[in-house]
Amino acid sequence: MSKAFEKLQQIDKEIILLEHTSALLQWDQETGMPAMAIEERSDQIALMQGLAHDRMTGAEVGELLEQARSEAGGAGAETVSGDGQATGAEDAALPPEDDPRFFSSAFLRLFGRHYEREVKIPRRLVTELAQTTSRAQAAWIEARRADDFSLFQPHLEKIVALTLEKAEALGYPEQPYDALLDEFEPGMRSSQVEEVFADLKTELAPLVKRITEAQKVDDSFRRRGYPSAGQREFSLKVLRDMGYDFDRGRLDESAHPFTTSLGGNDIRVTTRFHEDDLFSAIFGTIHEGGHGLYELGIDPAYHGSSLGEGTSLGIHESQSRTWENLIGRSLPFWQHHFPDLQRIFPDQLENIDAEGFGRAVNRVQPSLIRIEADEVTYSLHVILRFELELALINRKLEVKDLPQAWNDRMEQLLGIRPPSDADGVLQDVHWSMGAIGYFPTYALGNLFGAQFFNRMQQDLPDVDKRIGAGDLLSIRRWQQEHIHRHGAVYTAPELVRRVTGEALNPRHFIDYLERKFSRLNVL
Ligand code: ZN
């Protein structure tokens with residue numbers, strides 16, 4: 001390894017340490033920090049993030065990168081163009097895993113991508129975005145509480161304008177939205193997402209109709225009052241069965257469940273216990289457990305480096321949703337796990353059996369709120385947001401017309417019209433944080449997940465039987481071998497092709513849903 005390369009690795013390591021420190025401060029803020037501590041905590045986190053940004057954009061970094069690339073020669077030098085090329089451009093392929101240049105090529109490609117992104121955004125824009133979104137979040141909370149979009153509108157207008165400026169600074173291959181998407185889903189283009197979502201929408205809308213017309217299921221038992229202690233006991237048991245390692249992680253409570261990486265051997269998950277809704281903690285925990293297994297399964301050789309994290313939000317979400325839905329909402333899963341749950345809650349679940357429970361967790365119903373949506377309608381909520389934010393960024397829709405556009409589209413896609421903006425356009429925090437380009441990754445996760453699962457079933461044809469016997473570890477091993485261990489080495493499109501032999505294909509998700517609901521005798 002050359003001196004320049006070693007220096008870059010050292011810089012990368014310090015950035016990761018700062019990010020993990022910042023994540024620890026955030027984890028504490030969400031799980032146990034006293035309310036009055038918020039002001040200094042915000043300063044602490046901002047300081048850590050500022051230091052990480054400074055480290056990345058330091059004067060020597062560009063030169064070191066250039067030097068390391070030319071010393072690496074071959075693939076390492078060609079992988080990322082240093083001439084201000086647009087983001088989202090195709091990366092050159094990596095050498096094979098057993099090639100001695102593999103690690104340095106993967107590292108330089110990823111680090112170069114991060115560096116080139118960060119240096120293109122002027123410091124003034126970074127600060128202005130941070131200040132604008134900080135105020136916008138407070139305005140969004142107030143607008144949602146008052147059910148008054150006009151309180152949020154000027155903030156969102158400013159965010160859209162600054163975000164467009166950011167996209168222009170970053171550059172893009174086809175349209176400004178590419179540059180935004182690239183932050184969350186490197187390697188994907190807007191046009192590709194548009195195409196995939198158009199297919200998905202055409203397939204999903206009639207499927208929702210067929211299922212909801214035919215499905216008769218009573219899930220009212222979920223509200224019978226379930227003390228938190230029992231929910232916690234069951235959550236811990238399921239995480240253990242999934243192979244989540246409590247020597248390298250822990251489960252805590254927070255208002256919104258999340259997973260955070262505080263180090264290669266410190267991957268924490270949270271959940272929430274609602275006594276009046278049994279499903280909230282169960283599926284929240286399994287979902288976060290899926291995120292956790294991804295991070296825990298990364299090759300330890302990548303620990304302390306930017307290669308040592310999940311490669312994209314879409315791939316991350318594919319792992320959490322596979323555990324939550326494809327595994328956690330399957331009948332075999334409940335054939336094995338229901339007796340445990342019933343032992344913990346004998347009175348509440350007295351007249352329920354495994355099969356009835358398995359049916360109830362698959363109730364499909366068009367609803368207003370994304371985070372409460374079922375597995376089938378969920379992606380439609382995401383497509384709606386993607387189409388609207390794309391129209392905002394392309395200047396085809398004005399912020400003032402957003403509530404009307406939202407409601408019209410809800411009616412088209414799901415057949416329901418929000419009675420208020422609080423339950424419509426104001427429901428999600430993302431836009432107030434400036435996270436435009438984030439939403440598509442939720443639905444991409446469903447698609448990647450089904451496509452990977454389809455591939456896994458070819459390797460493990462008896463996967464249902466394994467799930468029914470409580471053998472979740474063989475699934476975890478397959479995921480680790482094919483997906484987790486690679487960390488951020490491959491982009492999502494590369495990984496999908498590598499694992500499944502084809503590009504992203506929404507057909508697998510639709511096939512999975514059709515198979516599942518015909519097995520449940522709904523279709
Ligand atoms: Zn998630």
Side-chain angles (χ1 to χ4, degrees), residues 23 26-27 30-31 181 183-186 188 193 235 238-239 242-244 249-262 267-274 277 279-298 309-329 361 369-383 385-386 427-431 433 435-453 472 475-476 479-480 483-484 487-488 492 495-496 504 509 512:
Q26 263 157 354
W27 172 85
E30 306 276 335
T31 55
L181 183 63
E183 184 175 347
F184 308 105
E185 204 55 43
M188 289 286 281
V193 176
S235 294
V238 171
L239 283 175
M242 289 167 66
Y244 181 84
R250 46 184 288 153
L251 174 70
D252 293 272
E253 284 178 65
S254 64
H256 298 284
F258 65 95
T259 302
T260 186
S261 215
L262 309 182
I267 314 293
R268 305 186 186 188
V269 294
T270 73
T271 191
R272 56 180 167 200
F273 301 116
H274 290 166
D277 186 2
F279 295 173
S280 178
I282 291 176
F283 294 104
T285 305
I286 298 175
H287 180 99
E288 299 309 326
H291 282 302
L293 290 186
Y294 186 7
E295 296 281 322
L296 286 166
I298 293 171
E309 52 188 37
T311 190
S312 77
L313 292 184
I315 299 294
H316 237 297
E317 204 61 13
S318 79
Q319 300 309 289
S320 56
R321 283 178 192 275
T322 293
W323 280 100
E324 177 190 349
N325 294 325
L326 283 77
I327 301 166
R329 288 184 207 269
V361 301
I369 308 296
R370 175 184 61 85
I371 59 169
E372 291 164 13
D374 59 79
E375 188 181 9
V376 188
T377 58
Y378 186 88
S379 299
L380 292 170
H381 288 262
V382 173
I383 292 171
R385 288 154 176 77
F386 167 70
Q427 67 183 267
D428 289 309
V429 69
H430 302 60
W431 287 336
M433 295 163 61
I436 297 175
Y438 188 122
F439 280 124
T441 67
Y442 289 127
L444 290 173
N446 284 332
L447 305 181
F448 290 139
Q451 191 164 336
F452 288 143
F453 202 80
L472 303 179
I475 295 176
R476 196 250 165 130
Q479 291 174 326
Q480 185 166 11
I483 300 163
H484 301 169
L495 191 65
V496 170
L504 175 61
F509 179 59
Y512 149 71

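The structure presented is a predicted model; accordingly, all values stated were derived computationally and were not measured. Numbering of ligands and ligand atoms starts at 1, following listing order.
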**Q.** Output field: ring centroids Tyr438/Phe184 closer than 6.0 Å
**A.** yes

Q) With no hydrogens and no angle check, is any side-chain donor or acceptor of Glu253 less than 3.5 Å from a backbone partner on Arg272? A) no

Q) Could Arg329 and Glu375 be called an ion pair, given the rule that one side-chain N must be under 4.0 Å from one carboxylate O? A) no

Q. Think Arg370 forms a cation-pi with Tyr442, using NZ or CZ under 6.0 Å from the six-ring centre and within 45 degrees of its axis?
A. yes

Q: Evaluate the criterion salt bridge (Lys or Arg N to Asp or Glu O under 4.0 Å) for residue pair Asp428 and Arg385; output intermediate values, then yes/no.
A: CA-CA 10 Å; Asp428 289 309; Arg385 288 154 176 77; 2.5 Å; yes

**Q.** Protein N/O/S count near the Zn ion (ligand 1) (criterion: distance under 2.8 Å)
**A.** 3

Q: Can you establish whether the number of heavy atoms outside His256 located under 6.0 Å from its atom NE2 is more than 12?
A: no

